[in-house]
Undergrad: 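Before I ask anything, let me first share the structure, which is written out below as C-alpha cells.
Values reported hereafter were calculated over all heavy atoms of this structure, with side chains retained and with hydrogens, waters and symmetry mates removed.
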Amino acid sequence: MDMRRLVGRNTRKIRLAKGLTQEQLAERSGFSQQYISDLERGRRNPTVVSVYELAQALGVHYLELLQPDKK
C-alpha cells in the first residue's frame, strides 16, 4: 500500500465531499494550492504533522486520512 497515494486519495475525497476547492483547503490549512494538488496526486510524502493539520482544516479526525478503502 502506497501511503502517499492513500492520503492523497482520502484528502481529495473528503475535500470534494465538503464542497471545497483546492484553493479553499490551502487557505484553511496554510499549505499552498500546489502542495494540495501534489498531495492529492500522491506526489508528496506528508509528515505526521501535515496529516494532522490537513485533517484539522478538513474538520475530520486525522485517522480518516489514513484509512484504506473498504472493499
Side-chain angles (χ1 to χ4, degrees):
M1 173 183 323
D2 183 345
M3 289 303 290
R4 290 176 295 246
R5 295 180 86 187
L6 177 65
V7 171
R9 197 167 48 239
N10 287 341
T11 299
R12 184 174 195 280
K13 179 176 65 175
I14 294 166
R15 175 180 64 77
L16 292 174
K18 295 196 174 261
L20 297 172
T21 65
Q22 288 182 346
E23 292 82 6
Q24 290 168 323
L25 179 55
E27 187 175 308
R28 286 182 179 200
S29 67
F31 295 108
S32 70
Q33 184 275 328
Q34 185 63 54
Y35 179 87
I36 301 296
S37 175
D38 287 346
L39 179 82
E40 289 185 358
R41 289 182 288 152
R43 295 184 176 168
R44 290 287 181 151
N45 191 15
T47 66
V48 173
V49 173
S50 296
V51 169
Y52 181 80
E53 290 173 354
L54 284 166
Q56 293 291 114
L58 289 166
V60 298
H61 193 276
Y62 71 93
L63 290 177
E64 288 190 47
L65 298 179
L66 304 173
Q67 291 286 9
D69 293 332
K70 294 181 176 132
K71 294 182 180 183

Undergrad: Tell me, please, which residues at least two apart from Gln67 pass side-chain hydrogen bond (donor to acceptor under 3.5 Å, both in side chains).
TA: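 Gln67: no side-chain hydrogen bond (donor to acceptor under 3.5 Å, both in side chains) contacts found.
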
Undergrad: Is there a chain of hydrophobic side chains (I, L, V, M, F, W, Y, each step under 4.5 Å between heavy atoms) that links Leu25 to Leu66?
TA: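 Yes, it is one cluster - the side chains of Leu25 and Leu66 are joined through contacts under 4.5 Å.
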
Undergrad: Tabulate below the donor-acceptor pairs under 3.5 Å that side-chain atoms of residues 48-63 make, not counting sequence neighbours, or state none.
TA:
from: Ser50; atom 1: OG; to: Thr47; atom 2: OG1; distance (Å): 3.0
from: His61; atom 1: ND1; to: Leu63; atom 2: N; distance (Å): 3.2

Undergrad: Sorted by first residue and then second, give each ring-ring contact (aromatic ring centres under 6.0 Å, His included) pair with at least one member in residues 3-34; sequence neighbours left out.
TA: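 For residues 3-34, and leaving out neighbouring residues, the ring-ring contact (aromatic ring centres under 6.0 Å, His included) pairs sorted by first residue read Phe31-Tyr35.
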
Undergrad: Among all residues two or more places apart in sequence or in another chain, which pass the side chain to side chain contact (heavy atoms under 4.5 Å, CB included) test with Ser37?
TA: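 Once residues adjacent in sequence are excluded, the partners of Ser37 under the side chain to side chain contact (heavy atoms under 4.5 Å, CB included) criterion are Gln22, Gln33, Gln34, Arg41.
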
Undergrad: List the atom of Val7, the atom of Pro46, and the distance in Å for their closest heavy-atom pair.
TA: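 Distance-wise, the nearest heavy atoms are CG1-CG, 4.0 Å.
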
Undergrad: Rounded at 0.5 Å granularity, tell me how far CD in Glu23 sits from OG in Ser32.
TA: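 Taking CD in Glu23 and OG in Ser32, the distance rounds to 10.5 Å.
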
Undergrad: CG of Leu20 to OG1 of Thr11: how many Å apart, nearest 0.5 Å?
TA: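 Between atom CG of Leu20 and atom OG1 of Thr11 there are 11.5 Å.
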
Undergrad: Please enumerate all residues that pass salt bridge (Lys or Arg N to Asp or Glu O under 4.0 Å) together with Arg4, with sequence neighbours excluded.
TA: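 If we apply the salt bridge (Lys or Arg N to Asp or Glu O under 4.0 Å) test to Arg4, skipping adjacent residues, the hits are Asp2.
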
Undergrad: What salt bridge (charged side-chain N to carboxylate O under 4.0 Å, His left out) pairs are there with at least one residue in residues 6-18, not counting sequence neighbours?
TA: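 Listed by first then second residue: Arg9-Asp69, Arg15-Glu40.
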
Undergrad: Please round to the nearest 0.5 Å and tell me the distance separating atom CZ of Arg5 and atom CZ of Arg43.
TA: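 Answer for the CZ-CZ pair, Arg5 versus Arg43, is 10.5 Å.
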
